[in-house]
Enquirer: 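Here it is, the structure in full.
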Amino acid sequence: MSVLYAKNTANHYRVARKKARQQPAKRMSVRVRFAPSPTGALHIGGVRTALYNYLFARKHGGTFILRIEDTDQNRFVPGAEEYIIEALKWTGLVPDEGVGFGGDFGPYRQSDRKAIYQKYAHELVARGHAYFAFDTPEELEAKRQAEENFTYNLHTRAGLKNSLALPADVVQQQLDSGAPVVIRLKVEPGQDIHVRDLVRGDVVFQSSELDDKVLLKADGMPTYHLANIVDDHLMGITHVIRGEEWLPSTAHHVLLYRGFGWEDTMPQFAHLPLILKPEGNGKLSKRDGAKFGMPVFPLAWVGKTPEESFPGFRETGFLPEATINFLALLGWHPGSDQEIFSLDELAQAFSVEHIGKSGARFDFEKARWFNQRYIQHTANTVLAGHIRPLAEAKGYRTDEAFLEQVAALMKERVTFLPDFVEQGYYLFEPVHTYDNDMIRKKWNPALRPAFEALIQEIRQVAPFEAPAIEEKVQQFMQENALKPGDVLPLLRLALAGTMKGPAVFDMAVVLGQAETVQRLQRFLEYK
RNA sequence: GGCCCGUUCGUCUAACGGUUAGGACGCAGGAUUUUCAUUCCUGUAACACGGGUUCGAUUCCCGUACGGGCUACCA
């Protein structure tokens, strides 16, 4: 971008602001939309797009809208819409308006707006900015086979079957016959199309490079291009925040706004950088989940086959807050060194200017770190609520007081929620795996009498609390000339089977006096 | 191929002409912890390349290389 362009951009904004002031009040409030297609599970990149839209709306006291773009009947997947809504609820990105959330600009599902698009498509034809085309997909495919870079545009349309090339009576006859017909955008040559992108600045396209995009398909449904312009206009969208893959077609979108005479209220655009694979080339795909052993979807998705089924952040044991925090920083930075943000804090700090321009690699290690941190800083009562269903599934006890104790003991040494009941299983059920190498290292048959005596001591401790137990054990070690290194590891092994874990005496308390004594005795038999 | 976008430690990124190029993850080392983890400290490591513009370029411009996206009656 040259200095001149930058200057022009600034000028443009000044003009735009001036215009905005002259517009009615309805243009003043921010309205953004998240517009996914229900073709399967919502990709994590889609969640990030939703997040940025949500944050932008919150930041500016605006409205966050969910619109379902289901104009491709062939790619429709049952359950996908429900999945999208559930994913938004789980992450806390709850729409103010949209499918399932009400609002005055509905319907918000594009398949329910079919008639609207047809009306506008025909209006565009009447205005001379679009035309009918009768070429079949097969014919076009043949053209592409025959010609390397075949494009439907002003150079080729004269030789194709459309209302611009065919005689009026033939066109009318085609129309009357009910033969398959599409409506295409008539791209006029010789125009510079400027897209003032909030993230990238001024992006220029030559209209002669653009093809005559299909606006209304033969099945009567609109393509994305038509539907998104009509809806954004009708729904009063002020800012379009979407993935970078849409940048090239934005030129067409600008042409559509012009064609409809809506350029004055055209939304501002912000194209987000893509999320890339952890390693190698290309953008993150659903297959990368299995490849790198990590989820790339917010929620698990159950497909028809195992290959079409995918794990989710939720099921892996991520807290939604950690997931959001992680995603927020993937392609955006707050302008400070702060790393930990609640949703509200993110909304406060958010600004489009701080969205990055280049693609961000999906860094699962960082995601792990966020989750670990969030678990550490989450209240035991809240954690208990997360642990309960996991414990239930394993048939473990689930009383509140106990689960809170488990949370307290384990929260500083787990990464994912299931770790509480997996790594810390010995808090719920008897030890099933002993670290035999460690036992060999620490056990000595000569220790047996002392160990038996110690069990008796522990049996006596009352009340059975950590300081009291510790005191008793300390005293015992002193009297028997034993070192902590001789005794403590054995106690730990007896209670947990492993050298990893919470402080021994804390564990003993959580297990309870009876269970502690029982485990010590069982250990004596085991070894 | 054409069009468009991008390029700072391994990764996420800060810097908006003058800095010992900052932070975080990861990794390494140390302290604390009679385990593990946490916590704390320290270290490691980057301006893709070549031309300009400028007193001075990571920063502005051009080019090259590399990466990415789009190129459907998919979104």
Side-chain angles (χ1 to χ4, degrees), chain A residues 1-4 6 35-39 69-72 74-75 110 133 135-137 140-141 144 148-149 151-152 180-184 195 197 199-201 203-206 209-211 213-225 227-228 242-251 271 273-274 276 278-279 281-283 326 329-340 353-354 356-370 372-373 376 410-415 423 435 438 477 483-489 491-493 496 498-504:
Chain A
M1 190 199 297
S2 71
V3 174
L4 189 66
S37 191
T39 53
E69 309 224 332
D70 56 346
T71 55
D72 187 347
N74 301 319
R75 293 213 305 160
Q110 291 185 327
D135 320 83
T136 65
L140 294 175
E141 184 51 36
R144 291 192 188 95
E148 186 74 19
N149 294 315
T151 310
Y152 209 121
V181 59
V182 302
I183 291 180
R184 281 181 183 272
V195 176
D197 190 275
V199 172
R200 283 149 221 287
V203 182
V204 191
F205 299 87
Q206 311 295 322
E209 310 273 4
L210 273 30
D211 64 329
K213 284 248 179 295
V214 169
L215 266 19
L216 198 70
K217 301 184 269 189
D219 65 0
M221 278 293 202
T223 58
Y224 171 87
H225 308 292
N228 114 82
R242 81 231 292 198
E244 192 185 12
E245 68 268 28
W246 294 110
L247 189 51
S249 57
T250 306
H271 287 96
L274 268 17
L276 276 19
E279 50 191 70
N281 302 331
K283 64 175 174 181
F326 163 66
L329 263 28
L330 206 58
W332 171 82
H333 80 92
S336 71
D337 281 344
Q338 188 177 343
E339 295 268 329
I340 304 300
E353 296 76 55
H354 282 157
K357 289 180 174 63
S358 48
R361 236 173 243 279
F362 186 81
D363 183 4
F364 192 62
E365 284 304 315
K366 193 81 167 240
R368 287 173 59 98
W369 176 76
F370 272 111
Q372 184 185 12
R373 245 210 87 117
Q376 257 177 64
M410 297 301 293
K411 69 198 283 189
E412 285 190 340
R413 51 208 104 220
V414 300
T415 304
Q423 281 180 32
D435 182 342
M438 209 56 193
M477 289 190 299
K483 284 178 290 189
D486 298 330
V487 180
L488 267 10
L491 290 181
R492 170 175 301 284
L493 254 7
T498 164
M499 286 304 287
K500 298 179 181 177
V504 210

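Chain letters run A, B, ... following the sequence lines, proteins first and then strands; every chain starts at 1.
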Enquirer: Pick base, sugar-phosphate or nothing for A/Phe205, based on heavy-atom distances below 4.0 Å to the nucleic acid.
Expert: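 Counting heavy atoms under 4.0 Å across all strands, the contact made by A/Phe205 is with sugar-phosphate only.
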Enquirer: Please tell me if the side chains of A/His354 and A/Pro334 come closer than 4.5 Å, counting only heavy atoms from C-beta onward.
Expert: no
Enquirer: Classify the nucleic acid contact of A/Gly335 as base, sugar-phosphate or nothing, counting any heavy atom under 4.0 Å across all strands shown.
Expert: nothing
Enquirer: Please report the closest heavy-atom contact between A/Ala227 and A/Gln110, naming both atoms and the distance.
Expert: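 The pair with the smallest heavy-atom distance is CB-NE2, 3.4 Å.
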Enquirer: For atom P, what is the distance between B/C5 and B/U44, given to the nearest Å?
Expert: 39 Å
Enquirer: Which value, in whole Å, describes the distance between the P atoms of nucleotides B/C3 and B/A15?
Expert: 32 Å
Enquirer: For the C1' atoms, the ones on B/C70 and on B/C12, what distance do you get once it is rounded to whole angstrom?
Expert: 26 Å
Enquirer: Got A/Arg492 and A/Val504 here, is their nearest side-chain heavy-atom distance under 4.5 Å?
Expert: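 In contact.
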Enquirer: Among B/G67, B/C5, B/U38, which nucleotide sits nearest the side chain of A/Glu244?
Expert: B/C5
Enquirer: Can you give me the closest heavy-atom contact between A/Pro502 and A/Met410, atom names plus distance?
Expert: CG-SD, 3.8 Å
Enquirer: Please list each protein N or O that sits under 3.5 Å from an N or O in nucleotides 22-24 of chain B, with the distance.
Expert:
from, atom 1, to, atom 2, distance (Å)
B/A24, O4', A/Glu339, OE2, 3.2
B/A24, O2', A/Glu339, OE1, 3.1
B/A24, N3, A/Lys366, NZ, 3.0

Enquirer: Answer with yes or no after comparing the ring centroid distance for A/Phe326 and A/Phe362 against a 6.0 Å cut-off, counting only values under it.
Expert: yes
Enquirer: Do you know which two heavy atoms are closest between A/Thr250 and A/Arg242, and how far apart they sit?
Expert: OG1-NH1, 3.2 Å
Enquirer: Could you give the distance separating B/C62 and B/U53 at their P atoms, to the nearest angstrom?
Expert: 15 Å
Enquirer: If you measure from the P atom in B/U42 to the same atom in B/A57, how many Å do you get, rounded?
Expert: 34 Å
Enquirer: Please classify the nucleic acid contact of A/Gly331 as base, sugar-phosphate, or nothing, using heavy-atom distances under 4.0 Å.
Expert: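 Contact class for A/Gly331: sugar-phosphate only.
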Enquirer: A/Thr415 side chain to A/Gln372 main-chain N or O, any donor-acceptor pair under 3.5 Å?
Expert: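 Here the side-chain-to-backbone pair does not exist.
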Enquirer: Could you tell me if the side chain of A/Leu247 sits less than 4.5 Å from the side chain of A/Arg200, heavy atoms only?
Expert: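 Yes - at least one pair of side-chain heavy atoms lies under 4.5 Å apart.
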Enquirer: Base, sugar-phosphate alone, or nothing: which one does A/Glu141 contact when heavy atoms must sit under 4.0 Å apart?
Expert: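 Here A/Glu141 touches no strand at all.
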Enquirer: Tell me what A/Asn149 touches on the nucleic acid: a base, only sugar-phosphate, or nothing, going by heavy atoms under 4.0 Å.
Expert: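 The answer is base, as A/Asn149 lies within the cut-off (heavy atoms under 4.0 Å) of a base atom.
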Enquirer: Any side-chain to backbone donor/acceptor pair from A/Thr151 onto A/Asn149? Under 3.5 Å, distance only.
Expert: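 Yes, the answer is positive, given that a donor and an acceptor are paired below the 3.5 Å cut-off.
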Enquirer: So, OP1 or OP2 of B/U38: does either fall under 4.0 Å of a side-chain N or O from A/Gln372?
Expert: yes
Enquirer: Could you check whether A/Arg492 gets within reach of a base, just the sugar-phosphate, or nothing at all, counting any heavy atom under 4.0 Å?
Expert: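 Answer is base: heavy atoms of A/Arg492 come under 4.0 Å of a base.
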Enquirer: If the C1' atom of B/C16 is compared with that of B/U59, how far apart are they to the nearest Å?
Expert: 7 Å
Enquirer: Could you go over nucleotides 72-75 of chain B and give all protein N or O partners under 3.5 Å, atom names and distances?
Expert:
from, atom 1, to, atom 2, distance (Å)
B/C73, OP2, A/Arg144, NH2, 3.4
B/C73, OP2, A/Arg184, NH2, 3.3
B/C73, O2, A/Ala218, N, 2.8
B/C73, N4, A/Asp135, O, 2.6
B/C73, N4, A/Pro137, N, 3.4
B/C74, OP2, A/Lys217, NZ, 3.1
B/C74, O2', A/Asp72, OD2, 2.9
B/C74, O2', A/Arg75, NE, 3.2
B/C74, O2', A/Arg75, NH2, 3.3
B/C74, O2, A/Arg75, NH2, 3.2
B/A75, OP1, A/Thr71, OG1, 2.8
B/A75, OP1, A/Lys217, NZ, 2.7
B/A75, OP2, A/Tyr224, N, 3.2
B/A75, O3', A/Glu69, OE1, 3.2

Enquirer: Distances for protein N/O vs nucleotides 28-34 of chain B N/O pairs under 3.5 angstrom?
Expert:
from, atom 1, to, atom 2, distance (Å)
B/U34, O4, A/Gln474, NE2, 3.2

Enquirer: Mark yes or no for a side-chain to base donor-acceptor pair under 3.5 Å between A/Arg413 and B/U38, with no hydrogen or angle criteria applied.
Expert: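 No.
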Enquirer: Looking at A/Glu245 and A/Pro248, what are the two nearest heavy atoms and their distance?
Expert: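 Answer, listing the atom of A/Glu245 first, then A/Pro248: O-CD, 3.6 Å.
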Enquirer: Of A/Leu330 and A/Pro502, whose nearest nucleotide on RNA chain B comes first from the 5' end?
Expert: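 Mapping each residue to its closest nucleotide by heavy atoms, the 5'-most match is A/Leu330.
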Enquirer: In whole Å, what separates the C1' atom of B/U8 from that of B/U58?
Expert: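 Straight-line distance between the two C1' atoms is 7 Å.
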Enquirer: Quick one: are A/Lys366 and A/Phe370 in side-chain contact, heavy atoms under 4.5 Å?
Expert: yes
Enquirer: Among the nucleotides B/C70, B/U8, B/C3, which one has an atom lying closest to any side-chain atom of A/Lys283?
Expert: B/C70
Enquirer: If I pick the P atom on B/G22 and the same atom on B/G43, what distance separates them, to the nearest angstrom?
Expert: 11 Å
Enquirer: For A/His271 versus A/Gly243, what's the shortest heavy-atom pair and its separation?
Expert: CD2-O, 3.4 Å
Enquirer: Please answer whether the main-chain N or O of A/Thr71 pairs with a side-chain N or O of A/Lys217 as donor and acceptor at a distance below 3.5 Å.
Expert: yes
